[in-house]
> 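There's a structure below that I have some questions on.
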There are 2 protein chains.
Amino acid sequence: MTEIDAAIAFILNGHQQFMAHLSLDCAILGYHDQQVKILLIRYNGHQQWGLPGGPIRHEEPISVAANRIAEETTGISGLFLQQFHTFGDSPYRVHHRTVQDLERLIQPDALGIKIKKDNWLLGRQITIGYYALVDYQQVSVRTNLFVEEYRWWDIDQVPELLFDHNDMVTKALQTVRLHLYHQPIGANLLPPKFTLPEIHFLYESLLAKSLDRRNFPKKLFALGLLNKLDERRFIGPHRSPYLYEFNKANYEKALEEGIVLVI
Amino acid sequence: MTEIDAAIAFILNGHQQFMAHLSLDCAILGYHDQQVKILLIRYNGHQQWGLPGGPIRHEEPISVAANRIAEETTGISGLFLQQFHTFGDSPYRVHHRTVQDLERLIQPDALGIKIKKDNWLLGRQITIGYYALVDYQQVSVRTNLFVEEYRWWDIDQVPELLFDHNDMVTKALQTVRLHLYHQPIGANLLPPKFTLPEIHFLYESLLAKSLDRRNFPKKLFALGLLNKLDERRFIGPHRSPYLYEFNKANYEKALEEGIVLVI
DNA sequence: CATATATTACGTAGTTTTTACGCAATAAAG
DNA sequence: CTTTATTGCGTAAAAACTACGTAATATATG
């Protein structure tokens, strides 16, 4: 079966496999060049960008669906994923999608099909939002028939997105910030070994406020989250910073029991 | 149309009005006798208790659905409601509900109807969880054809519930506790005027830990959340405590901007 | 009417935590 | 060897928090 045949089957008979009216979208966050980034996609035939997402299979746990969709997008399995909100309030998510709306979305003429009034993709779309925190360097994105383009965007330069996706990005970021104070989240956004300035700037970028360079690491040490390594990173014409890793045992414990980080 | 006719119409043709496979449940929390309570219901023909919930109309914003369901249960409109999680991972929410499952739930013989294989209530049920914080004294519950009994339960004495509802109660409470540190929540659980010991015990009950009687009010004062009134409550053979109310302006501001309460 | 009992109201000393910031160590370039 | 930019570590001052003492009530009791 070609990719086009698969697309046609999905549009016409996807309801045999997937739930109608409920989808799942992922806010995939990474960190690079002292900037928090979000991975957005441009769907075929669309000018505007949006969050990667997809439908949920009939007997698929929703966390499994989130992993599947995040893996389809990033190529990485077993990502750190957390549900942050379910969206069903904005006009886009309340009013029914009409045949005309859907035709604009998927351009059936190009596929040689017709959208009937009872198509499963019509009606309202409620969507469950998950955020993923990923090591930027590991991600390799791929396009497919539905997805024309992928791009990482600086979190504070996200353009006007499809539907209510700007609201979703805002809510995802709010949730990440709240979680940051109560869970050790950094490990998912950083490579396994990192320097103190690196994690320091990560937290500054995420919280969008400045943290004292000398006091910030003390708080992480106090929680026992970091192991100092006997290696340094070479950073050119300056003193070489030591490398650190997360203390796995304490990190797991903190994830389970929660922390209170006052910064 | 009698109540029974309405029930039959709902079971057979509810999909014309309501979304299939997606529902909404409310964890309604109150406070009385120095105990955090949750309002549970026992559905007709069931031994076990569960959270009040219901389906979502086709063009109904989900927050409106939450308000409707919470109001149907408590008789109070405009409750403080917050979404806390969407449940679609447990076996109950992954595997399809069969004709037999549904017959056990609604006992169609008593209604003189038959459940067909394509009934809209079959299949999986994903549910969106909202918690409500209510002034216990204002609630007046009513039963109907589907609901046999209502009861307030102490939050630490909740029995084994239907499906995954115990998980939902746990998650609701976790979320309330987290929110308690970042939002002024007390106003929704207390009558308009209350004493310091009253709000003190409320927080102790919610967090299930003891807070110093003399230090706790200082933190609320520091946030500017309370107004001292020139009235006292009569509590019998002891010194009469002053009454307080929430400072509306600061309360609203705190709700919007968030607070950091370290207790 | 003095005393006992239980509770609220309020303050404050001592301790801990946090903040702000100084300065030495380092790495390379000129 | 000096300059520049950065990391690493420490510490004094300020702020916050904790623990707890004691006075003020309100009523019942003998």
> With sequence neighbours excluded, tell me which residues meet side chain to side chain donor-acceptor pair (under 3.5 Å) with T170(A).
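If we apply the side chain to side chain donor-acceptor pair (under 3.5 Å) test to T170(A), skipping adjacent residues, there are no hits.
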> Could you walk me through whether L207(A) and L180(A) satisfy the side-chain contact (heavy atoms from CB on, under 4.5 Å) test, starting with their C-alpha distance in whole Å, then the side-chain angles of each, then the deciding distance to 0.1 Å, before giving a yes or no?
CA-CA 9 Å; L207(A) 298 175; L180(A) 198 62; 3.5 Å; yes
> Round to a whole Å and report the spacing from OH of Y242(A) to P of dA25(C).
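It is 13 Å, rounded to the nearest whole Å.
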> How close or far is atom P of dC10(C) from atom CG of L226(B), stated in whole angstroms?
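Nearest whole value for this atom pair: 13 Å.
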> Show which side-chain atoms of residues 71-80 of chain A pair as donor or acceptor with protein atoms under 3.5 Å away, not counting sequence neighbours.
from	atom 1	to	atom 2	distance (Å)
E72(A)	OE2	R68(A)	NH1	3.4
T73(A)	OG1	I69(A)	O	2.8
T74(A)	OG1	A70(A)	O	2.8
T74(A)	OG1	I76(A)	N	3.1

> So if I define the base as every atom that isn't primed, P, OP1 or OP2, how would nucleotides 22-30 of chain D read as a B/S/- string at a heavy-atom cutoff under 4.0 Å?
-BBBBS---
> To the closest 0.5 Å, what do you measure between CG (L243(B)) and CG (L229(B))?
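Here the interatomic distance stands at 6.0 Å.
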> Fill in the dot-bracket string of DNA chain C, one character per base: . for unpaired, | for a pair to another strand, ( ) or [ ] for pairs within the strand, taking Watson-Crick or G-U pairs under 3.5 Å.
||||||||||||||||||||||||||||||
> With sequence neighbours left out, write down each residue that passes side chain to side chain donor-acceptor pair (under 3.5 Å) with R232(A), or none if nothing qualifies.
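Listed in chain order: Y242(A).
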> Can you tell me if Y43(A) has over 12 outside heavy atoms packed within less than 6.0 Å of its OH?
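Counting other residues, nucleotides and ligands, OH of Y43(A) exceeds 12 neighbours.
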> Can you check the E231(A) CD to dG8(D) P distance for me, whole Å?
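So the two atoms are 14 Å apart, to the nearest Å.
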> Of all residues at least two apart in sequence or in a different chain, which pass the side chain to side chain donor-acceptor pair (under 3.5 Å) check with K218(A)?
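Partners of K218(A) under the side chain to side chain donor-acceptor pair (under 3.5 Å) test: N215(A).
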> Where along residues 196-211 of chain B does a heavy atom fall under 4.0 Å from DNA chain D?
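Heavy-atom contacts with DNA chain D come from no residue of residues 196-211 of chain B; none.
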> May I ask you to check whether F163(B) and F87(B) place their ring centers less than 6.0 Å from one another?
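No - the distance between ring centres of F163(B) and F87(B) does not fall below the 6.0 Å cut-off.
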> Below 3.5 Å is the cut-off: list the nitrogen or oxygen pairs between protein and nucleotides 17-19 of chain C, distance only.
from	atom 1	to	atom 2	distance (Å)
dT19(C)	OP2	K219(A)	NZ	2.7

> State whether the side chain of E204(A) and the backbone N or O of S210(A) hold a donor-acceptor pair below 3.5 Å, judged by distance alone.
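Not confirmed, E204(A) side chain does not pair with S210(A) backbone.
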> Can you tell me if K228(B) touches the phosphate of dT8(C), counting only side-chain N or O atoms and a distance under 4.0 Å to OP1 or OP2?
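For dT8(C), neither OP1 nor OP2 has a side-chain N or O of K228(B) closer than 4.0 Å.
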> In whole angstrom, what separates R233(A)'s CZ from dT26(C)'s C1'?
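Rounded to the whole Å, the gap is 17 Å.
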> In chain order, what residues pass the side chain to side chain donor-acceptor pair (under 3.5 Å) check against H46(B), with sequence neighbours excluded?
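Scan of H46(B) (side chain to side chain donor-acceptor pair (under 3.5 Å), adjacent residues dropped) gives none.
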> Mind calculating the distance between CG (D212(B)) and P (dG21(D)) to the nearest angstrom?
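In whole Å, dG21(D) P and D212(B) CG are 12 Å from each other.
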> Under the ring-ring contact (aromatic ring centres under 6.0 Å, His included) rule, collect the residues that match up with Y31(B), sequence neighbours excluded.
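Residues passing ring-ring contact (aromatic ring centres under 6.0 Å, His included) with Y31(B): none at all.
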> Could you tabulate the donor-acceptor pairs under 3.5 Å formed by side-chain atoms of residues 250-263 of chain B, not counting sequence neighbours?
from	atom 1	to	atom 2	distance (Å)
N250(B)	ND2	G224(B)	O	2.8
Y251(B)	OH	P184(B)	O	2.4
Y251(B)	OH	A187(B)	N	3.4

> Who are the side chain to side chain contact (heavy atoms under 4.5 Å, CB included) partners of Q47(B), not counting sequence neighbours?
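Side chain to side chain contact (heavy atoms under 4.5 Å, CB included) list for Q47(B), sorted by chain: empty.
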> Measure from CG on L229(A) to C1' on dG8(D) and round the result to the nearest Å.
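Value for this atom pair: 16 Å.
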> Rounded off to whole Å, could you give me the CZ-to-C1' distance for the F216(B) and dT8(C) pair?
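Atom-to-atom, F216(B) to dT8(C), this comes out as 15 Å.
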